[in-house]
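What follows is one structure encoded as structure tokens, with my remarks underneath.
The first residue in the sequence is number 1, and the count goes up from there.
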Amino acid sequence: MNIVVIGGGAAGLMAAGTAAENGARVTLLETNEKVGRKLFITGKGRCNVCNNCDIQTVLQNVPVNPRFLYSALGGFSPEDVMAFFTSHGVPLKTERGNRVFPVSDKAADIIDALFTWIKRVGVIIKHTAADRLVIEAGRLTGVQAGGAFYPADRVIVATGGVSYPQTGSTGDGYRFAKQAGHTVVPPNPSLVPLVTPGGCEELMGLSLRNVQVTVFEDNKRIWSEFGEMLFTHFGLSGPLILSASAHMRHFGSKGYHIEIDLKPALDEKTLDKRLLSDFGAHKNSDFINALGGLLPRKLIPAVVRLSQIDPHAKVNGITRQQRAALLHTLKHFLVVVSGKRPVAEAIVTSGGVSVREVDPKTMESKKLPGLYFAGEVLDVDAYTGGFNLQIAWSTGRLAGLSAARQ
């Protein structure tokens, strides 16, 4: 059984190794000089391998087509992923939010384990770009790549989406899918920085830690989380914002804004006492000069403006109502969001090969026998926390098993 796997990322490596382990002769086509290039940058270079949770929790973190993943997750769950990497010499640890990382905090350890494994089980790696599928009389016979023909009984497409194109995710998989007659749901960015009207020039470079971000869709609260974020010239970025972006899926038909709780550790009553204390120490100062102990200097003018208090009003003249307005601003710092940054800047692509045309029990194409899909090329994506890599491992494993056994 000859199998060609296109793409040496998480899903492709898992598919290739699994197929070879099950007796197939496997050739892996990868455009980059090294496999797993996108894995190097996941989890800030630490690689958030998966989430230490049950299958139901994974599915709850997949907003698009979660039911498609039942068989894949059933065959290779988060517990199985952790056991796999532990058995291949990578000790793991679980952090906040049940995120799983290598104990070493090095993504390279995950990549090295996968590389060592696929070489040991006999996968042949060719560093070349696949040009097209070769289909003769309605039958898949191989792949044309770099002027050479690679014959194949089965082909697994694991090329990723179109996010981070410098890592090799250039959308080629969509082209192969269309060649086989598949529908491709237009790709959109997910887990991506957000754009605000006019940008955030005055706050550019300001990083906020330990804040609570809440997303509103048409003024309805839809998501909230605690963590870090960053203001940029175009708007907002940082871990919290990337997570928030995955919940904003209807720009054009719905309006979005976020509210930042700048002091989530203090309830309103406690924060009011803090304000009274700070005001008591600065009672003869201008209002704008009385907030230095409470806020980063860069943030003060924006908070003053949103509170609608005269920046040069004397602190001892600020009324209870004005103090209440300031308190509301500190707990509900409002930023309107007008859109997302381009898909090339996204961590994950939403959209891809329509799952209605792929058998969820095997990952095989319903349009062209012998063709399989795995990973981000499919129209399935998840929120942050290791869930997207879980999809890659599980679908890659199932595609590799199915292709080798059928």
Where is the tightest heavy-atom contact between [X] and [Y], given as atom of each residue plus distance?
X: V64; Y: R249; answer: CG2-NH1, 3.5 Å
X: V377; Y: T159; answer: CG2-OG1, 3.8 Å
X: V303; Y: T329; answer: O-CG2, 3.8 Å
X: T232; Y: M204; answer: C-CG, 3.9 Å
X: S245; Y: L194; answer: CB-CD2, 3.8 Å
X: D105; Y: K93; answer: OD1-NZ, 2.9 Å

Using the six-membered ring wherever Trp is involved, compare the ring planes of Y383 and H247 and label them parallel, tilted or perpendicular (cut-offs 30° and 60°).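 The arrangement is parallel - the two ring planes meet at less than 30°.
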
Show, in sequence, the C-alpha distance, side-chain angles and deciding distance for V81 and R397, and conclude whether the side-chain contact (heavy atoms from CB on, under 4.5 Å) test is met. CA-CA 10 Å; V81 170; R397 187 79 167 181; over 6 Å; no

From CA spacing to verdict: side-chain contact (heavy atoms from CB on, under 4.5 Å), K126, I124: CA-CA 7 Å; K126 296 289 184 181; I124 297 166; 4.0 Å; yes

Before giving the answer on salt bridge (charged side-chain N to carboxylate O under 4.0 Å, His left out), spell out for K263 and E268 the whole-Å C-alpha distance, their side-chain angles and the decisive distance to 0.1 Å. CA-CA 9 Å; K263 298 292 173 183; E268 295 203 0; over 6 Å; no

Please confirm whether R221 makes a cation-pi placement over F216, using NZ or CZ under 6.0 Å from the six-membered ring centre and within 45° of the ring normal. no

Taking the six-membered ring of F234 as reference, does the NZ or CZ atom of R341 fall below 6.0 Å from its centre and within a 45° cone about the axis? yes

Residue that, paired with V353, satisfies side chain to side chain contact (heavy atoms under 4.5 Å, CB included) out of V380, D379, V358: V358

Compare all side-chain heavy atoms of [X] with those of [Y] and state whether any distance is below 4.5 angstrom.
X: I241; Y: I258; value: yes
X: R120; Y: H88; value: yes
X: F68; Y: R356; value: no
X: Q179; Y: R132; value: yes
X: V195; Y: V337; value: no
X: L371; Y: V157; value: yes

Would you sort out whether L236 and V335 count as a side-chain contact (heavy atoms from CB on, under 4.5 Å), showing the intermediate values? CA-CA 9 Å; L236 308 169; V335 182; 4.0 Å; yes

Given side-chain hydrogen bond (donor to acceptor under 3.5 Å, both in side chains), test Q56 with D54 step by step and report yes or no. CA-CA 6 Å; Q56 203 54 45; D54 59 22; over 6 Å; no

Apply the test salt bridge (charged side-chain N to carboxylate O under 4.0 Å, His left out) to residues K366 and D359: give CA-CA distance (whole Å), side-chain angles for both, the deciding distance (0.1 Å), then the verdict. CA-CA 6 Å; K366 294 178 181 178; D359 185 341; over 6 Å; no

For residues 1-12, run the donor-acceptor check on the side chains, cut-off 3.5 Å, and write out each pair with its distance to 0.1 Å, sequence neighbours left out.
{"unit_1": "N2", "atom_1": "OD1", "unit_2": "R25", "atom_2": "NE", "d": "3.0"}

Pairs satisfying salt bridge (charged side-chain N to carboxylate O under 4.0 Å, His left out), at least one member in residues 222-248, at least two apart: R209-E228

Would T214 and E259 count as a side-chain hydrogen bond (donor to acceptor under 3.5 Å, both in side chains) here? Give the steps. CA-CA 5 Å; T214 303; E259 289 184 4; over 6 Å; no

Do NZ/NE/NH1/NH2 and the carboxylate oxygens of K331 and D261 come within less than 4.0 Å? yes

Please step through ring-ring contact (aromatic ring centres under 6.0 Å, His included) for the pair F85 and W393, ending with a clear verdict. CA-CA 11 Å; F85 283 106; W393 306 132; 5.1 Å; yes

Evaluation steps, side-chain contact (heavy atoms from CB on, under 4.5 Å), between N388 and D381: CA-CA 6 Å; N388 284 290; D381 66 284; 4.0 Å; yes

Residues which pass side-chain hydrogen bond (donor to acceptor under 3.5 Å, both in side chains) with T183, listed by chain and number, not counting sequence neighbours: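 Applying side-chain hydrogen bond (donor to acceptor under 3.5 Å, both in side chains) to T183 gives E357.
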
Show your reasoning for whether salt bridge (charged side-chain N to carboxylate O under 4.0 Å, His left out) applies to D172 and R175. CA-CA 5 Å; D172 286 347; R175 184 162 50 83; 3.4 Å; yes

